[in-house]
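The shown structure was predicted, so the numbers you read here are calculated from the model rather than taken from an experiment. Below, chains carry the letters A, B, ... as their sequence lines are ordered, and counting in each starts from 1.
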There are 2 protein chains.
Amino acid sequence: MTLSIGMLARRAGAKVQTIRYYEQIGLMAEPIRTYGGQRRYEEDAVKRLSFIRHARALGFSLDQIRNLLELADDPKRDCTAADSIAREHLAAVKAKIAALNSLKRELIRMVDCCDGTDTAHCRVIETLANHDLCASPNHEPVQ
Amino acid sequence: MTLSIGMLARRAGAKVQTIRYYEQIGLMAEPIRTYGGQRRYEEDAVKRLSFIRHARALGFSLDQIRNLLELADDPKRDCTAADSIAREHLAAVKAKIAALNSLKRELIRMVDCCDGTDTAHCRVIETLANHDLCASPNHEPVQ
DNA sequence: CTTGAACCTACATCTATTGTAGAAATAAGA
DNA sequence: TCTTATTTCTACAATAGATGTAGGTTCAAG
Ligand SMILES: [Zn+2]
Ligand SMILES: [Zn+2]
Ligand SMILES: [Zn+2]
Ligand SMILES: [Zn+2]
C-alpha cells in the first residue's frame, strides 16, 4: 500500500507544497511515481516527514534537521553530535529570549510613558527618533 | 551641504544597499541627483533613516514603521494610533517570548534526559521522532 | 465514459536585507 | 589637466522556509 502526496501530507501534518519543497532541497527522498507521473510514498516517508515537522515545530532549522536525520540513520553512532545540535539550538533559543526580553522592557517603557496627546509629544515617536531615551545602551538584533 | 549615500549610511548606521532598498519600497523619498546620477541627501534624511533603523532595532516591521512615520509627519494628530502600533508589537514580542520559553523547556528536557550512548537510544532523536515524549501537548509556531 | 478531486511543473510571492558584476562618476593628488 | 582610487550606479541573485497560482494532466469513483 502506497500513499499519494495528499495522504502523506494529512498523515504527517504538512502541506503538499511543503513536501515537494523538501524533496527539491533533498530533505525527503524522491519517491516512486505512477505511470502518470504522480508520487507514491511508502510508510517510512510518514515517519521521516513527521520527524521533520516535529523538529521544525521545535524550532530546528532545516539544516540542523538534515544533520539530525543523517545521524539517526546510523544507529550505532555515538549520539554526541545529535545532542550538541540540540544544545546549540537551545543556546540560540536562550539568546533570542534574552534579546526579546530586552525589547519587551523597552517597549513597555515607551508605551507606559506616553501621556497620549498628539504625535508631536508622543513618547513612542520620540523614543524611536532618539535612542538616548532608551534604557538599554544598545539593542541586540533579534532574528 | 548635501550628503552622498555613503555618508548618509555612516551617519545613520545603515548599509548603502539598505538605503537604496528603502527608497525602492517607498520608505525613503527619492533624493535629488547630481548631473552624473548620484544621490545627494539633505540633513533630514539622516533623521528619517535613523528613525527607521532604531525602530528596526526595536523589532518593528517595515510596514509598522511606514505607518509610524506617516503619523509622526502629522504632529497635531492624536497619538493613539502610534501607541497602538507599539502595543501591538509589544503583544507580538510577548507571544514570541512565551512560545520560545515553551521550546526552551522542551529542549532542556531532551538534552537533559539523554544518557548519551548511541543514536539508537538518543533521547533527542527519540523525542523528535515521537511527540508523545514531549511535555507540552502542542508547539506554537515561533515566527 | 464522465466528472470532480487531486496532482503535475514552473514560477511568483513573502520579509528584510545583503552580495555581486560590470560600468560610470567623483574627489583628491600630481 | 590627468590619473587613479574610491564611491556610486543599475540590475540581478541569494538568503530561510515555506506558500500561492496558473494552466494542464491524472486518478478514482460512479
Ligand atoms: Zn503616544
Ligand atoms: Zn534605543
Ligand atoms: Zn543523545
Ligand atoms: Zn513535541
Closest listed nucleotide, where the reference is the side chain of A:R20 and the choices are C:dA16, C:dC8, D:dT19: C:dC8
B:T18, nearest nucleotide to its side chain (from C:dT9, D:dA18, C:dT17): C:dT17
Closest to the B:R56 side chain, choosing from D:dC9, D:dG20, C:dA16: C:dA16
Sugar-phosphate only, base, or nothing, as touched by A:I25 at under 4.0 Å among non-hydrogen atoms: nothing
Whole angstrom value for the distance that separates P of C:dT15 from CZ of B:F60: 17 Å
Phosphate contact (D:dA16 OP1 or OP2) by A:Y21 side-chain N/O below 4.0 Å: no
Phosphate-side-chain proximity, B:R39 and C:dA25, N/O vs OP1/OP2 below 4.0 Å: no
B/S/- contact track for nucleotides 22-30 of chain D, protein heavy atom under 4.0 Å: ----BSS--
Residues A:E106 and A:S136: side-chain donor-acceptor under 3.5 angstrom: yes
Salt-bridge present (A:E70, A:R77; N to O < 4.0 Å): no
Phosphate contact (D:dT8 OP1 or OP2) by B:S4 side-chain N/O below 4.0 Å: yes
No-hydrogen, no-angle side-chain donor-acceptor test under 3.5 Å, B:S61 and B:D63: no
Contact check, side chains of B:I97 and B:L100, non-hydrogen atoms, under 4.5 Å: no
A:Q24 CD to C:dT9 P, straight-line distance once rounded to whole Å: 10 Å
A:R53 side chain, from C-beta outward: closest of C:dT18, D:dT10, D:dA18: D:dA18
Spacing between A:I5 atom CD1 and D:dT19 atom C1', to the nearest angstrom: 14 Å
